Amino acid sequence: MPLKIYSTLTRQKEDFIPNKPGYVALYVCGPNLYDPCHVGHAFSYIVFDMVKRYFKFRGYAVRHVQNFTDIEDRIIAKAQKENKTIQEIAQVYIARFLDETDALNIERADAYPRATGVIPTIIEIAQGLLAQGFAYQVEGDVYFRVRQADGYGKLAHRSLDQMEAGARIQVDERKDDPMDFALWKASKPGEPAWDSPWGKGRPGWHIECSAMNLVEHGDQIDIHGGGHDVIFPHHENEIAQSESYTGKKPFAKYWMHNALLRLASDTSDEDKMSRHVGNTLWIKDVLARHTPDEIRLYLLSTHYRTPLAWTDADVDAMARGLERLRAAVVSAPEKATADRRPPTAANLGLNDVDRSERHAENALAQVAQQTREKFIAAMDDDFGTPQAIAALYDLAREINRARNENAAAEALAPAQATLRELAGVLGLTLEEPQSKMMQAAPFIELLIAIRKELRAAKQFALADKVRDELAKLGVALEDGPQGTTWKIVN
RNA sequence: GGCGCCGUGGCCAAGUGGUAAGGCAAGGGUCUGCAAAACCCUGAUCAGCGGUCCAAAUCCGCUCGGCGCCUCCA
């Protein structure tokens with residue numbers, strides 16, 4: 001059974017067949033660099049990070065390209081306002097973008113081209129489109145002739161006539177058709193400008209992605225991704241430009257768009273998170289409140305094409321579930337093997353014990369295998385992360401159950417490895433939250449050792465005091481039959 | 001005006017023709033000096049109405065309620 005991907009172009013799930021066997025050319029729309037990124041961006045990047053990791057898991061080589069749009073109206077406006085160059089503005093937000101996506105455990109793309117880095121290609125494309133009659137020049141501007149493009153509107157599933165019905169307020173009379181869009185714009189005084197056959201100017205709004213794809217991937221790519229809000233006009237125009245220029249179709253074989261994240265608020269309104277509206281949660285602030293695993297598990301617990309309304313309470317709930325997954329992959333304390341058998345086992349013959357253990361071991365191995373199959377089946381069906389995650393929980397339960405039944409650490413290990421591996425495909429580390437307090441580990445271990453002696457001496461009041469005081473400091477102790485474990489809590 | 005999405009147990013969320021995954025919360029247990037964790041058990045007929053079908057949460061129609069795109073936007 002092949003992997004299926006829902007493509008916006010055909011509006012249905014399609015078998016994934018790459019242009020080159022075993023290789024995936026992936027392009028994901030990156031941010032406009034006029035402000036920091038918010039959780040909505042993070043959602044999109046996490047979705048496509050998951051997609052990339054899954055392809056790799058399935059044995060594909062993936063080349064992932066993500067653009068930085070570093071020349072655009074808002075960046076120019078911001079630069080002018082802050083009396084800086086667009087390069088300076090871009091640099092600040094690129095650095096921040098990389099810091100934040102690293103923190104979110106998003107794998108780096110193979111290339112991060114910048115719009116200003118592909119100006120010659122942009123000019124080349126514009127010239128080519130002019131030569132072929134797909135574009136025309138007006139006073140230093142170059143416009144794409146929308147009616148000339150084959151099937152314009154096929155991605156957004158709209159016809160030009162329908163769109164004309166929608167009132168477009170300011171129609172530029174110099175354009176042949178109101179929907180024609182700029183490939184190249186003559187620059188106004190004080191704006192960044194590049195030399196071109198049409199005079200000083202700068203790129204239009206959509207051409208940079210066509211150019212970057214051409215440079216980084218070539219004429220045709222396998223998957224083009226982005227947020228749902230960028231389908232029209234951005235991606236529609238990209239298709240028109242690229243296919244008209246190269247003459248090769250399709251430009252992208254599969255178009256994937258993640259649903260938009262909304263910000264649930266007390267005031268009852270749940271609007272799309274948008275930097276223009278101002279109802280944003282910056283990634284930085286979210287990272288201050290939740291761990292990367294929590295954020296990712298939360299965002300992936302809903303299918304990527306289903307809209308999601310962010311609430312901190314829901315992320316917190318996810319954190320508690322994550323704790324169970326994390327606990328399942330933690331090994332039992334060392335000494336476990338020695339006295340792991342319950343007293344009742346003393347009455348059993350060794351062979352019986354061995355036999356029952358082997359039985360449990362096999363059962364666990366079987367569950368691990370089933371989990372892997374369920375995980376793959378879910379992910380193969382248009383990246384069904386909710387069901388994939390459900391499979392992970394099922395495996396965690398089996399591991400914990402086996403441990404409760406005193407299975408040996410070695411018996412748990414393979415299932416734990418499977419859980420770690422599959423969680424890793426979703427980008428979950430299942431690691432304890434990193435904290436300065438981890439440096440206190442040796443001291444905590446010491447307190448645990450002392451407390452153990454107190455308990456042996458039945459000095460429970462003192463033992464409890466140790467535990468309570470540590471709890472106040474954010475260290476939770478848990479006594480189990482195999483010893484005491486500890487963890488950092490919020 | 002055009003295009004499109006969503007409404008499933010207290011909350012989050014899968015399922016898209018054969019009698020409802022998973023998570024959180026809650027209640028009851030097991031274990032334990034206690035606590036915690038873990039494990040076990042308990043709960044929904046799928047916004048409403050009508051229709052198609054042997055059979056519908058799942059298809060069709062209508063109603064109500066949310067939301068997105070058509071303009072920069074992940």
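The figures here come from the full heavy-atom set of this structure, side chains too, leaving out hydrogens, waters and symmetry mates. On a predicted model such as this, the values are computed, not experimentally measured, just so you know. In what follows, chains carry the letters A, B, and so on, assigned in the order in which the sequence lines appear, proteins first and then strands, with residues in each chain numbered from 1.
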Among B:G4, B:C73, B:G22, the one nearest A:A390 by side-chain distance = B:G22

Spacing between A:R305 atom CZ and B:C6 atom P, to the nearest angstrom | 9 Å

Separation of the C1' atoms in B:A57 and B:C6, to the nearest angstrom | 14 Å

Whole-Å gap separating P (B:C72) and CD (A:E72) = 9 Å

Choosing from B:G23, B:C3, B:U71, which nucleotide comes nearest the side chain of A:R158?
-> B:C3

Report which part of the nucleic acid A:G226 touches: base, sugar-phosphate, or nothing (heavy-atom distance under 4.0 Å, all strands).
-> sugar-phosphate

Rounded off to whole Å, could you give me the CD-to-C1' distance for the A:E236 and B:C3 pair?
-> 12 Å

Across all chains, not counting sequence neighbours, the ring pair (Phe, Tyr, Trp, His ring centres under 6.0 Å) partners of A:Y393 are none

Pairing partner (Watson-Crick or G-U wobble, both distances under 3.5 angstrom) of B:A14 | none

With a 4.0 Å cut-off, would you call A:R202 and A:D73 a salt bridge?
-> yes

Describe the nucleic acid contact of A:L308 in one word from base, sugar-phosphate, nothing, applying a heavy-atom distance below 4.0 Å.
-> sugar-phosphate

Kindly compute the distance separating CD1 (A:I71) from CD (A:E208), expressed to the nearest 0.5 Å.
-> 10.0 Å

Among B:C3, B:U71, B:C24, the one nearest any side-chain atom of A:M179 is B:U71

The Watson-Crick or G-U wobble partner of B:G68, with both key distances under 3.5 Å, is B:C3

Separation between the P atoms of B:G9 and B:A20, rounded to whole Å = 15 Å

May I have the distance from A:L297 (atom CG) to B:A13 (atom P), rounded to whole angstrom?
-> 13 Å

Span that lies between the C1' atom of B:G68 and that of B:U19, in whole angstrom | 35 Å

Distance, P atom - from B:C73 to B:A44, rounded to whole angstrom = 48 Å

Is there a Watson-Crick or G-U wobble partner for B:A44 with both distances under 3.5 Å, and which nucleotide is it?
-> none

Considering only the P atoms, how many Å lie between B:C69 and B:A74, rounded to the nearest integer?
-> 12 Å

Just checking A:H303: base, sugar-phosphate only, or nothing, at a heavy-atom cut-off of under 4.0 Å?
-> sugar-phosphate

Between A:F68 and A:F97, is the gap from one ring center to the other below 6.0 Å?
-> yes

Starting at CG of A:D316 and ending at P of B:A25, how long is that distance when rounded to a whole Å?
-> 11 Å

Applying ring pair (Phe, Tyr, Trp, His ring centres under 6.0 Å), name anything that partners A:H206, two or more places apart in sequence or on another chain.
-> A:F181, A:H234

Distance in angstrom units between A:W205 CH2 and B:C73 P, rounded = 9 Å

Can you tell me if the side-chain N/O atoms of A:T311 get under 4.0 Å from OP1 or OP2 in B:C12?
-> no

Sequence neighbours excluded, the answer for side chain to side chain donor-acceptor pair (under 3.5 Å) partners of A:Q80 is none

Quantified in whole Å, what is the P atom distance between nucleotide B:C5 and nucleotide B:U58?
-> 16 Å

Among B:G15, B:C70, B:C73, the one nearest A:F232 by side-chain distance = B:C70

Distance, rounded to the nearest Å, where A:H228 contributes NE2 and B:C70 contributes P = 11 Å

Among residues 371-386 of chain A, which residues get a heavy atom nearer than 4.0 Å to RNA chain B?
-> A:P386

Under the side chain to side chain donor-acceptor pair (under 3.5 Å) rule, collect the residues that match up with A:D380, sequence neighbours excluded.
-> A:Y54, A:R58

Which one of A:I283, A:T280, A:N32 satisfies the side chain to side chain contact (heavy atoms under 4.5 Å, CB included) criterion with A:C37?
-> A:I283

Any idea how A:H41 and A:H38 line up, ring-wise: parallel (<30°), tilted (30 to 60°), or perpendicular (>60°)?
-> tilted

P spacing across the pair B:C12 / B:C67, given as an integer number of angstrom | 15 Å

Go through the structure and list residues passing side chain to side chain donor-acceptor pair (under 3.5 Å) with A:D381, not counting sequence neighbours.
-> A:K13

Between B:C12 (C1') and A:D312 (CG): distance, integer Å = 14 Å

Taking any strand in view, what nucleotide pairs with B:U30 in a Watson-Crick or G-U wobble way, both distances under 3.5 Å?
-> B:A38

Is there a Watson-Crick or G-U wobble partner for B:G50 with both distances under 3.5 Å, and if so, which one is it?
-> B:C60

If you measure from the C1' atom in B:G7 to the same atom in B:C39, how many Å do you get, rounded?
-> 35 Å

Got a sec, which residues hit ring pair (Phe, Tyr, Trp, His ring centres under 6.0 Å) with A:Y298, two or more places apart in sequence or on another chain?
-> A:W310

Closest-nucleotide ordering on RNA chain B, the 5'-leading residue of A:D394 and A:Y304 = A:Y304

Once each nucleotide of nucleotides 33-38 of chain B is scored for protein heavy atoms under 4.0 Å, what B/S/- sequence comes out, 5' to 3'?
-> BBBBSB

Residues in salt bridge (Lys or Arg N to Asp or Glu O under 4.0 Å) with A:E445, at least two apart?
-> none

